[in-house]
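In what follows, a single structure is set out as structure tokens and then discussed.
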Amino acid sequence: ITYTYNVTNEGNVNLCNIDIQDDLVPTVTYVSGDTSGEGCLNLTETWKFTGSYLVTQSDICDDISNTATVTADDPCGGNALENSTSLSILTTYDADLAINKTADKSSVTVGDTITYTYNVTNEGNVNLCNIVVSDSRGLPLIPDGGDINSDDCLNLTEIWNYTATYTVTDKDVCGPIENTAKVTSDPFCPGDEAATDTSEVVVVETTYAAAINLEKTANRSSATLGDVIEYTFEISNTGNINLSNITLEDNRLGTINETE
């Protein structure tokens with residue numbers, strides 16, 4: 001903020017040793033106005049001063065208010081003359097987060113492990129604290145760096161990284177594996193809304209192999225009238241997913257029940 005101060009002489013005598021102090025601005029600098037060049041504020045002069053203040057994050061939860069005070073020597077040696085004026089400036093800020101989520105595989109099958117990577121950035125203009133990242137599948141996330149200054153707040157130039165893994169099961173393979181990630185932070189100013197963002201849906205396609213094999217053997221290679229032939233059936237799963245509702249039928253024996 002650049003402040004401009006205009007000082008006028010409202011009396012009927014010239015005033016010397018003009019000084020301006022601002023309770024917020026560290027340095028107030030004279031610019032112009034002393035047309036006579038004598039160093040005293042004459043009745044017809046307006047002296048101009050300027051000063052600057054850099055707004056910080058500690059300022060923006062309230063209006064920025066400050067008071068400037070001008071003093072001058074009393075021409076007759078009495079107490080210094082003084083006058084003050086105050087000014088308030090409204091403040092605004094932008095608290096905004098973004099999360100990007102990716103998977104290291106585009107297609108998986110049973111037993112594969114998917115590694116997800118999460119990148120959180122600060123898209124606003126204030127630091128945000130108490131960053132919480134969650135996955136729609138409830139996966140435990142592992143922090144993977146980014147808090148450069150170790151202040152536990154997501155600064156404007158930082159990117160916080162996380163990883164999580166998921167192992168594909170039988171229950172996943174009848175459709176794609178879809179999930180999202182969400183990030184939240186505390187409100188920057190008390191009473192304001194928290195910053196939040198949800199990633200785009202990450203889709204990993206699935207494949208599977210359902211296969212079954214049947215081997216049938218007999219306890220003899222030849223038989224005559226009255227002999228009993230004992231058949232053995234061995235069923236094996238040669239795919240990569242569990243199979244249920246297994247039924248065995250023989251064209252001579254009909255339905256055969258499972259034995260250990």
Side-chain angles (χ1 to χ4, degrees), residues 1-3 22-26 51-67 86-108 112-169 171-172 175-206:
I1 305 170
T2 298
Y3 292 97
D22 191 298
D23 61 3
L24 183 68
V25 179
S52 297
Y53 178 73
L54 180 64
V55 180
T56 67
Q57 295 192 30
S58 62
D59 296 313
I60 60 176
C61 290
D62 295 296
D63 296 342
I64 298 175
S65 300
N66 61 324
T67 300
S86 299
L87 184 66
S88 290
I89 296 177
L90 298 177
T91 59
T92 62
Y93 69 93
D94 179 25
D96 192 16
L97 285 169
I99 185 167
N100 181 60
K101 177 182 178 181
T102 59
D104 68 336
K105 296 180 177 66
S106 59
S107 179
V108 292
D112 286 348
T113 298
I114 306 170
T115 298
Y116 293 102
T117 299
Y118 311 76
N119 305 118
V120 180
T121 54
N122 188 332
E123 302 298 310
N125 62 1
V126 292
N127 297 337
L128 297 172
C129 302
N130 194 25
I131 302 299
V132 177
V133 181
S134 59
D135 190 285
S136 60
R137 283 183 170 263
L139 303 180
L141 274 64
I142 301 173
D144 191 25
D147 188 7
I148 298 173
N149 60 0
S150 300
D151 65 349
D152 294 326
C153 293
L154 179 60
N155 298 332
L156 304 183
T157 58
E158 293 178 342
I159 301 175
W160 286 17
N161 306 304
Y162 302 81
T163 61
T165 57
Y166 179 71
T167 301
V168 182
T169 68
K171 297 178 180 179
D172 299 311
I177 298 173
E178 299 180 348
N179 58 338
T180 59
K182 182 179 181 180
V183 61
T184 61
S185 75
D186 282 347
F188 183 79
C189 293
D192 288 351
E193 293 185 0
T196 184
D197 186 48
T198 300
S199 71
E200 294 184 358
V201 178
V202 175
V203 180
V204 178
E205 300 295 336
T206 59

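For this chain, numbers begin at 1 and follow the sequence in order.
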task = In sequence, state the C-alpha distance, the side-chain angles, and the governing distance for Val202 and Thr102, and then conclude on side-chain contact (heavy atoms from CB on, under 4.5 Å).
result = CA-CA 7 Å; Val202 175; Thr102 59; 6.0 Å; no

task = Sequence neighbours left out, what passes side chain to side chain contact (heavy atoms under 4.5 Å, CB included) with Val201? Give chain and number order.
result = Glu178, Thr180, Val203

ask   = Taking it one step at a time, do Asn179 and Leu139 satisfy side-chain contact (heavy atoms from CB on, under 4.5 Å)?
value = CA-CA 10 Å; Asn179 58 338; Leu139 303 180; 4.2 Å; yes

task = Kindly state each residue pair satisfying ring pair (Phe, Tyr, Trp, His ring centres under 6.0 Å) with at least one member in residues 116-140, sequence neighbours excluded.
result = none

task = Sequence neighbours left out, what passes side-chain hydrogen bond (donor to acceptor under 3.5 Å, both in side chains) with Thr169? Give chain and number order.
result = Asp172

request  = Mind listing the closest non-hydrogen atom pair of Gly175 and Thr206 along with its distance?
outcome  = O-OG1, 2.8 Å

note = Of all heavy-atom pairs linking Leu156 and Gly124, the shortest is CD2-O, 3.7 Å

message = Tell me the closest heavy-atom pair linking Pro176 and Glu205, and the distance in Å.
response = CB-OE1, 3.9 Å

key: All side chain to side chain contact (heavy atoms under 4.5 Å, CB included) counterparts of Ile1, not counting sequence neighbours   = Tyr3, Val55, Ile64, Ile89

message = If I compare all heavy atoms of Asn122 with all of Asn127, which pair ends up nearest, and what's the gap?
response = ND2-CA, 3.9 Å

key: With sequence neighbours excluded, residues passing side chain to side chain contact (heavy atoms under 4.5 Å, CB included) with Thr115   = Asp104, Thr165

task = For residues Val204 and Ala103, report the shortest heavy-atom separation together with the two atoms involved.
result = CG2-CB, 3.8 Å

ask   = What distance separates Ile60 CD1 from Asp63 CG, expressed to the nearest 0.5 Å?
value = 12.0 Å

May I have the list of side-chain donor-acceptor pairs in residues 185-196 shorter than 3.5 Å, sequence neighbours left out?
| unit_1 | atom_1 | unit_2 | atom_2 | d |
| --- | --- | --- | --- | --- |
| Asp186 | OD1 | Asn130 | ND2 | 2.9 |
| Asp192 | OD2 | Tyr93 | OH | 2.4 |
| Thr196 | OG1 | Val183 | O | 3.1 |

ask   = Looking at CG of Leu97 and CG of Asp197, how far apart are the two atoms once the value is rounded to the nearest 0.5 Å?
value = 7.0 Å

ask   = Going by the salt bridge (Lys or Arg N to Asp or Glu O under 4.0 Å) test, which pairs reach into residues 122-136, not counting sequence neighbours?
value = Lys101-Asp135

Partners meeting side-chain hydrogen bond (donor to acceptor under 3.5 Å, both in side chains) with Ser86 (sequence neighbours left out) = Thr67

key: Donor-acceptor under 3.5 Å (Lys105 side chain, Thr113 main chain)   = yes

inquiry  = Quick check: closest heavy atoms across Asp62 and Thr91, and the distance to 0.1 Å?
reply    = O-OG1, 2.9 Å

note = Value for CG (Leu87) from OG (Ser65), rounded to nearest 0.5 Å, stands at 8.0 Å

key: Those residues that, when tested against Asn149, pass side-chain hydrogen bond (donor to acceptor under 3.5 Å, both in side chains) (two or more places apart)   = Asp151, Asn155

query = Are Asp147 and Ile131 close enough that some pair of their side-chain heavy atoms sits under 4.5 Å apart?
reply = no

query = Taking only residues two or more places apart in sequence or in another chain, which ones pass side-chain hydrogen bond (donor to acceptor under 3.5 Å, both in side chains) with Thr56?
reply = Ser58, Asp59

note = SG of Cys153 to CG of Leu128, rounded to nearest 0.5 Å, is 8.0 Å

ask   = Measuring from Ile148:CD1 to Trp160:CH2, what's the distance to the nearest 0.5 Å?
value = 11.0 Å

query = Does Asn161 have any side chain to side chain contact (heavy atoms under 4.5 Å, CB included) partners at least two apart in sequence or in another chain, and if so, which?
reply = Asn119, Asp144, Ile159

